[in-house]
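One-based numbering, in listed order, for ligands and for the atoms of each. These numbers come from the heavy atoms of this one structure, side chains and all, not from hydrogens, waters or symmetry mates.
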Amino acid sequence: MRETEIRRLLITGARGFLAQHIRPRLRAAFPGATLIPVGRAEADLRDPAQARRLLAEAAPDTVVHLAALSGGILDNRERPADYLYDNLAINTHVFEECRRAGVKKLLTLMGGCSYPAAARSPIAETEMWNGYPQPESAGYSMAKRMLLVQSWAYRRQHGFNSVVLIPGNVYGENDNFNLRQSHVIPAMIRKFVEAAERGDEEVVFWGTGRPTRDFVYAGDVGALIPWFLANYDSSEPVNLSTGFPVSIRELAETVARLTGYAGRIRWDPTQPDGQMIKIFDPGRLRALGLSCPTPLEEGLRRTIAWFRAARARGEVRL
Ligand SMILES: NC(=O)c1ccc[n+]([C@@H]2O[C@H](COP(=O)([O-])OP(=O)(O)OC[C@H]3O[C@@H](n4cnc5c(N)ncnc54)[C@H](OP(=O)(O)O)[C@@H]3O)[C@@H](O)[C@H]2O)c1
């Protein structure tokens, strides 16, 4: 799809975390296009009638679909049926109504947690169907896995053009800092900032700190989306990741230093570590001549600065 063909661009989930990084990039990359950002208030996409009405009213040629019920491990554990139902329903209605409305291209995202729990790192896209995902978040992860089948099936039967990208462990400004719902980086930032303010002598984390992960800055994800809209027309998913491993212990020490926390960090080895290594293979991304270039420390600095400023304004999800 050429840039000039993108005239009306609908963005679902437009008030969420990643949308704040993607929207400015879309505006800059497609200055001639009308952006139509919508959230749940405009249309609850679990309801097919609301999805159909939204597509009819917005009449987009292109859709960046970010709406999802997404959350941290604690919430996933307690509400697996909600995560399964909402995401299956949302994605089912978005694909079908976009196809019916004659949308030319749909781009959407799934998470690295959809990969099999036992996948060997670095995890390549071809690993997706080689096992069951981590059971605690299987409702969410399996619903999101279906995006790959939807993308293939709608392309095969209807010639409907869709792209599914897989950002790994994303972090950045506007993330969710609610400790029940948050991922590891926002949780660490919040704990260290608050501990530093209170003058706490110790912060405790679960596990040994030995597991390794790779983290991708949300700004890098945002920067890649226009390229995939304009240049990539395939249902083969692509990991958006750095492939650069960092141990949780190293991460904690870096966040502590950047937040000015001077106390002790204690690891509680009686609590589970989770998977020891989970790194996403950026080989396919690199083969396209692309990368996620922001160094972890730089991304963390920006996120911490944003957290402090936005919290003072009362604009953080806490
Ligand atoms: N964050 C990550 O680490 C990560 C990693 C890989 C992939 N992804 C995927 O990237 C996409 C965006 O993630 P995010 O982190 O930006 O999530 P987010 O902050 O939770 O935003 C998702 C948005 O979806 C909207 N939504 C939820 N239920 C809806 C419904 N029934 N109907 C219409 N809209 C609904 C919400 O809108 P309202 O605010 O209006 O309620 C929310 O703002 C999701 O598909 C997610 O699975 C995220």
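Looking at Asp86 against ligand 1, nothing comes within 4.0 Å, counting heavy atoms. Residue contacts with ligand 1, taken as heavy atom pairs separated by less than 4.0 Å, do not involve His93 at all. Under 4.0 Å from ligand 1, the heavy atoms of Tyr140 that appear belong solely to its side chain. Heavy atoms of Met110 found under 4.0 angstrom from ligand 1 belong exclusively to the backbone. The proximity of Ala43 to ligand 1, defined as any non-hydrogen pair under 4.0 Å, is limited to the backbone.
Between Thr12 and ligand 1 there is no heavy-atom distance shorter than 4.0 Å. Using 4.0 Å as the threshold, Leu66 has a heavy atom nearer than that to some atom of ligand 1. Residue Lys144 places a heavy atom under 4.0 Å from ligand 1.
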Show your working on ring pair (Phe, Tyr, Trp, His ring centres under 6.0 Å) between Phe280 and Phe244 and close with a plain yes or no.
-> CA-CA 9 Å; Phe280 302 101; Phe244 183 73; over 10 Å; no

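Taking each of Asp44, Leu18, Val38, Val94 in turn, the one with a heavy atom nearest to atom 30 (C) of ligand 1 proves to be Asp44. In this structure, of Gly16, Ser70, Ala89, Pro186, the residue bringing a heavy atom nearest to atom 20 (O) of ligand 1 is Ser70.
Legend: residues meeting ring pair (Phe, Tyr, Trp, His ring centres under 6.0 Å) with Tyr171, ordered by chain and number and at least two apart, are Tyr217.
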Quiz: residues 285-296 side-chain donor-acceptor pairs under 3.5 angstrom, not counting sequence neighbours:
unit_1: Arg286; atom_1: NH2; unit_2: Thr242; atom_2: O; d: 3.3
unit_1: Thr294; atom_1: OG1; unit_2: Asp220; atom_2: OD1; d: 2.7
unit_1: Thr294; atom_1: OG1; unit_2: Asp220; atom_2: OD2; d: 3.2

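For Asp233 against Arg155, the heavy-atom pair with the smallest separation is O-NH1, 3.8 Å.
A distance of 6.0 Å or more separates the ring centres of Tyr115 and Tyr132.
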